[in-house]
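In what follows, a structure is listed as structure tokens, so that the remarks can point back to it.
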Amino acid sequence: MTSQRTRVRMIDRLRKQNIMDEVVLTAMNSIPRHIFVEEILASRAYDDVALPINFGQTISSPFIVARMSELLRAGSDLGKILEIGTGCGYQTALLAQFAQEVYSMERIGPLLARTRTRLRELRLNNVRLKHADGLRGLPEAAPFDGIIMTGATMHVPSTLLAQLAIGGRMVFPKGSQEQNLCVIERNSDGYVEATLDEVKFVPILSGTIKD
Ligand code: SAH
């Protein structure tokens, strides 16, 4: 149920769902998704569903993770990326396959502690995890070629957008009750926003939880 064959079936399904970026599909074929959920849910890890990961949070479905990765990559390899909402770290591990450097921020301390152990076991040496409020971004590591936020928000703070490199893009779910994937691209004149697929994410919240 958690074998390579199950993963291959997930990739076949993603292709049928119109995910076409081979780099994303290869990364999803190589990272075992079942190790990111509780053992009791491992047999459902490759189904096309979001699953609970404790602390009231969820791991996004394979399709959503693939879709956001494809939008972030937009066909080319990435340099430095900021992820807001590390959660269980599955998206983080994928980003580490096709970006040079990944910074990932999580507001819930105990959730991040578990994820840290898991990602260490995968020996991803281009990932830096940070327990902090991601809405502030990470000015000390900016500018970023891409920013991905894995929780929904109505509004992206200008301090965060300012950390996007010119030519970079940010992908996130925008809204509260009704949400859509949103891509903001920064060019030399400013920011260009596009609204895409309807989605359902947990909200981005401000502040941090220690333990
Ligand atoms: N990509 C993750 C998604 C987890 S759900 C996964 O696949 O597991 C969204 C995550 O964003 C949660 O872990 C939540 O705690 C975190 N989050 C919410 N608001 C945040 C903020 N302001 N800064 C950092 N992380 C935040």
Side-chain angles (χ1 to χ4, degrees), residues 10 14 24 27-28 31-38 41-42 44-72 81-99 102-119 122 124 127-142 144 146-161 163 170-176 179 181-182 199-211:
M10 175 182 78
L14 289 170
V24 172
M28 291 184 74
I31 299 291
R33 186 169 153 94
H34 62 274
I35 66 166
F36 292 87
V37 297
E38 297 294 317
L41 294 173
R44 298 181 57 199
Y46 297 92
D47 295 352
D48 201 20
V49 290
L51 294 170
I53 54 166
N54 287 325
F55 305 98
Q57 306 305 319
T58 49
I59 175 174
S60 301
S61 71
F63 173 73
I64 285 293
V65 172
R67 178 81 176 123
M68 289 181 85
S69 301
E70 194 171 68
L71 288 171
L72 191 69
I81 296 298
L82 175 66
E83 179 187 35
I84 298 167
T86 318
C88 68
Y90 177 64
Q91 174 85 71
T92 321
L94 292 177
L95 292 170
Q97 309 303 302
F98 49 74
V102 181
Y103 290 83
S104 185
M105 304 178 74
E106 171 57 56
R107 67 185 285 273
I108 304 178
L111 177 56
L112 187 63
R114 281 197 211 174
T115 298
R116 199 181 283 285
T117 310
R118 190 180 289 130
L119 291 179
L122 286 176
L124 302 173
V127 174
R128 305 275 170 278
L129 301 177
K130 180 113 180 139
H131 178 218
D133 182 349
L135 286 173
R136 295 167 184 217
L138 208 54
E140 61 269 36
F144 298 100
I147 300 179
I148 179 169
M149 195 152 75
T150 65
T153 189
M154 292 292 286
H155 171 74
V156 180
S158 55
T159 44
L160 184 56
L161 282 179
Q163 294 175 35
M170 171 162 182
V171 179
F172 68 104
K174 187 174 186 177
S176 59
Q179 303 170 7
L181 283 184
C182 181
V199 287
K200 187 86 198 127
F201 277 79
V202 294
I204 284 289
L205 302 171
S206 57
T208 56
I209 296 178
K210 247 186 158 167
D211 40 36

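Since the model is a prediction, treat every value here as computed from it, not as a measurement. In listed order, ligands and their atoms are each counted from 1.
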Contact check: G134 vs ligand 1, nitrogen or oxygen atoms, below 3.5 angstrom =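 It does: an N or O of G134 is found under 3.5 Å from an N or O of ligand 1.
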ask   = Could an N or O of ligand 1 be found under 3.5 Å from any N or O of D133, whether backbone or side chain?
value = yes
Residue portion contacting ligand 1 (non-hydrogen atoms closer than 4.0 Å) for [X]:
X: I108; value: side chain
X: S60; value: backbone
X: T58; value: backbone
X: L111; value: side chain

message = Please determine whether any non-hydrogen atom of T86 lies less than 4.0 Å from an atom of ligand 1.
response =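 Yes, T86 has a heavy atom closer than 4.0 Å to ligand 1.
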ask   = Judged by non-hydrogen atoms, does A132 sit under 4.0 Å from ligand 1?
value = yes
ask   = For ligand 1, which atoms have a heavy atom of V202 less than 4.0 angstrom away?
value = 5 (S), 9 (C)
query = Numbering the atoms of ligand 1 from 1, which are under 4.0 Å from a heavy atom of I53?
reply = 8 (O)
Among all protein non-hydrogen atoms, which one is nearest to [atom], and what is the separation to 0.1 Å?
atom: atom 13 (O) of ligand 1; answer: E106 OE1, 2.7 Å
atom: atom 8 (O) of ligand 1; answer: C88 N, 2.9 Å
atom: atom 3 (C) of ligand 1; answer: T150 OG1, 3.4 Å
atom: atom 12 (C) of ligand 1; answer: Q57 OE1, 3.2 Å
atom: atom 10 (C) of ligand 1; answer: G85 CA, 3.7 Å
atom: atom 25 (N) of ligand 1; answer: R107 N, 3.2 Å

inquiry  = Looking at K200, I'd like to know if its NZ atom is crowded, meaning that more than 12 non-hydrogen atoms belonging to other residues, nucleotides or ligands lie closer than 6.0 Å.
reply    = yes
ask   = Are any non-hydrogen side-chain atoms of L72 and L95 less than 4.5 angstrom apart?
value =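 Yes; the side chains approach each other to less than 4.5 Å.
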Taking [X] for the side chain and [Y] for the main chain, is one N or O donor matched with an acceptor at less than 3.5 Å?
X: Q57; Y: N54; value: no
X: H34; Y: L41; value: no
X: E106; Y: C88; value: no
X: T153; Y: I204; value: no
X: Q163; Y: L138; value: yes
X: S61; Y: I64; value: yes
X: R33; Y: Y90; value: no

message = Tell me whether the rings of Y103 and F144 are parallel (<30°), tilted (30 to 60°) or perpendicular (>60°).
response =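 Answer is perpendicular, since the angle exceeds 60°.
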key: Contacts of type side chain to side chain contact (heavy atoms under 4.5 Å, CB included), residue T159, not counting sequence neighbours   =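 For T159, the residues satisfying side chain to side chain contact (heavy atoms under 4.5 Å, CB included) (neighbours in sequence not counted) are P157.
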Option nearest atom 21 (C) of ligand 1 (shortest heavy-atom distance, choices I209, L205, L135) =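 Nearest option to atom 21 (C) of ligand 1, by heavy atoms: L205.
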